[in-house]
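Labels below follow one simple rule: chain letters A, B, ... track the order of the sequence lines, proteins then strands, and each chain is numbered from 1. The analysis underlying the following values was restricted to heavy atoms, covering all of them including side chains, and did not include hydrogens, waters or symmetry mates.
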Amino acid sequence: MQGITKRFGQVIANDNVSLEIRRGEILALLGENGSGKTTLMNMLSGIYAPDGGQIFIDGNEVTIRSPREAFDLGIGMIHQHFKLVDVLTAAENIILGLKEPGRLNLDAVAKRVREICEAYGFDVDPQQKIYNMSVSQKQTVEIVKVLYRGVDILILDEPTAVLTPQETDRLFAVLRNMKKDGKAVVIITHKLPEVMAVSDRVAVLRKGHNIGCVKTSETTQQELVNMMVGHATTLDISRAQPKNPQPRITVTDLTCVDKDGVKRLDKVSFVANSGEILGIAGIAGSGQRELLESIAGLCPVQSGSIVYTPEEGGEQNLLGMDPLAIKNAGIAMAFVPEDRLGMGLVGSMGMTGNMMLRSWREGKGPFVDRKHPQELAKQLWKLLEIATPGTEYPVRRLSGGNVQKILVGREIASSPSVLMMAYAVRGLDINTSYVIYDLLNEQKDKGVAVIYVGEDLDVLLELCDRILVLCGGQVSGIVDARTATREQVGLLMTQIRKEGEQHE
Amino acid sequence: MQQIISLLQSSIWFGTVILYGAMGEILTEKGGNLNLGVPGIMSLGAIGGLIGSFFYETRVEEPSAAICLLVTLLCALGLSLFGGLIYSFLTITLRANQNVTGLTLTIFGCGIANFYGSSLNTLAGGVGQISLPVTSAAFRAVLPGLKNTPILNTLGWLVYLSIAIAVILWYFLSRTRTGLNLRAVGENAATADAAGINVTRYKYLAICVGCAISGLGGLYYTMDYIKGTWTSGGSLEALGWLSVALVIFARWKPIHAIWGSYLFGVLNWLYFYFADLLGLVGISVTMTRSSQEIFKMLPYVVTILVLIFVSFRRKREDQPPAGLGLPYFREER
């Protein structure tokens, strides 16, 4: 791949990236969230079309317009979300969409599947239905599926994210077998130990640029982290010293299990203080969402406790409460979810309607009170300079920044004592981002306990007072944001703990 | 004995109408589209066939049975296919809501059919009731060699065609590559797309062929069930809804739809023969109009029971296609 560029609107996902994938070799593609790893590989597998640059396979220039064309060129990609039909068997899924000559003969397919399994050391029962399979079995079916199609270049997008350590070892053994067989393997990952364990070469992407490509045997984890996180940039976000911090929310040993039985949070413990911004860092999907939702009462908790300590003293356990119960208990909790139009606002309603989502229980008798929400909407409109034609204009049609201002404005207007925000500035321009930072600082000044989930390490380091780092649902460290460095947080995100790095 | 035979006869006649409707809907739903326009499609098929045969049979001195069949079939298939195209275009290409589109199509199809049906009755003059003896007789022709067999000697060839189509449909869905691909489209369109299956084409074809099959149900209704006449009473529409219920009853399996349709027929006609049947074993009951109506809801009660039973068992194979009713758009994530 040479000089590949891909833009999504104004965002440049890949900027002039060149990459060489060799046969008989495992290449690890390393980078933070949003560094463009998956986008780059999606272009190789025909999901996206590059806006610029060329792709060569065995010296011939090719254009790949669809997954089908990628298959024809011998490129197969295994996505994070498996593309399998649940009610069909493994064999049926494997031959799906193939145009083989002759009638459908599932026995012959099963035989070939077994041959492939034997050759590489898989364990798949072709007759088993997908819905009876574990996650790792499903992944195996996906790999067999691409091998059945005669793939030479295999791309795996974060294959180990859903596997147990033993399953990971088995996968790596299979990948090494494929390498021996002369196939080219690319694994997209952000887990350093795995990179060191399985790959021959490592390519590091950062913010859409290829930072460098090194031989695994000639590098160290620390060097890779430095390449991954880059140098700190100064953002000049004002940060005041916390005033009189008091424990507001105490979380102890919080464990959450999702509906597939995967542990999303594993014995998470921390304290969020009033008058302080607690940042939460971590690779996407490390449990940030579940953490906020369990505090807000939206996510079922398996074990652990969440205790709220009001200003005037006393304690209240929030566990098992839904948002209404929390509100009725007199706790002013504000939550700005990452999915703004899905969980936060109703897209087809105007500002007034959305303000009412917080206050519709007020008002007399069966009638809702429209007057106060409307006044609030007008205030916010002026105060936050929201660009909307009017308070009744559907919020869905506004830009992301304005939508976020409405949401944050509404949540802050409820004068919360706890404010939780997930990816508050995602997709926002610089100016709007600073408006949001200022609002957060204002709340902190008022003695609100702010929990801020962010993805940009620079912002976290300059905005927050303390940073809690999550890795795979566990707390890998809590650091003081004033003294911590990017490298330190980056290491914690990939869970390499060293002595003395935990500043409590 | 005679009552039992007539009950079975009426049940098969009745069942054949809804079997066609249900098979068309099974094919459509296996491709992931919920077409609630089945009653409308069946009405379109019915009126299409009726118009075609009316203009041929009444304008020609000596209509030939073969041409009657051909014209009627072509018109019925053509019009129901047209209904299918409207539905596919709206739901696949324009990604309109499938439920709304289907319901609209039902109202549209039934309206069109009743409008032209009444016009035909007026055009026919006389007693204000069209009759198409030649075409109807051609459709009701009994298979050779079965003239003296009870029950079978009252079944037109469309009855056998419906069973044949059900078997073909079963083979297609469970044993062929194309059928497998279609099921994948209905279960998980994104996965099918990633596997290189042309989702749009599969959906269009499944819906249009499905609608043509459903349309045959309407044709059977006018030509055989009510013997080449037309009534604007809405009874075909009721049968159309029963077809949709039959799809659920048969758990999307064409073979189950065959016996299910006849069972629905028995349940539907039971009120008519109930008193007589009990009379055979020496019990005397009198059926009033209102108690007859209770019997007519039996097929729906049975469908609800099946739904409850299937939901309790939670067997994945018995569930509706996972992508049923969901529009597919590749770039939406």
**Message:** Could you tell me if the side chain of A:Leu96 sits less than 4.5 Å from the side chain of B:Asn181, heavy atoms only?
**Reply:** yes

**Asked** Near B:Phe82 CZ, under 6.0 Å, is it more than 12 heavy atoms from other residues, nucleotides or ligands?
**Response** no

**Asked** What residue in B:Ile197, B:Leu180, B:Thr176 has the most heavy-atom pairs under 4.5 Å with chain A?
**Response** B:Leu180

**Message:** Can you tell me which portion of B:Ala322 sits under 4.5 Å from chain A's heavy atoms? Options are side chain, backbone, both or neither.
**Reply:** neither

**Fill in**
Turns out that what part of A:Leu88 lies under 4.5 Å from chain B's heavy atoms comes down to side chain

**Asked** What's the spacing between B:Asn188 CG and A:Lys83 NZ if we round to 0.5 Å?
**Response** 7.5 Å

**Complete:** Per-residue tally against chain B (heavy atom, under 4.5 Å) across A:Ile95, A:Val85, A:Asn93 peaks at A:Val85

**Message:** Which atoms of A:Leu84 are under 4.5 Å from chain B, going by heavy atoms: the side chain, the backbone, both sets, or neither?
**Reply:** backbone

**Per-residue contact mode, B:Arg175 against chain A (heavy atom under 4.5 angstrom)** = backbone

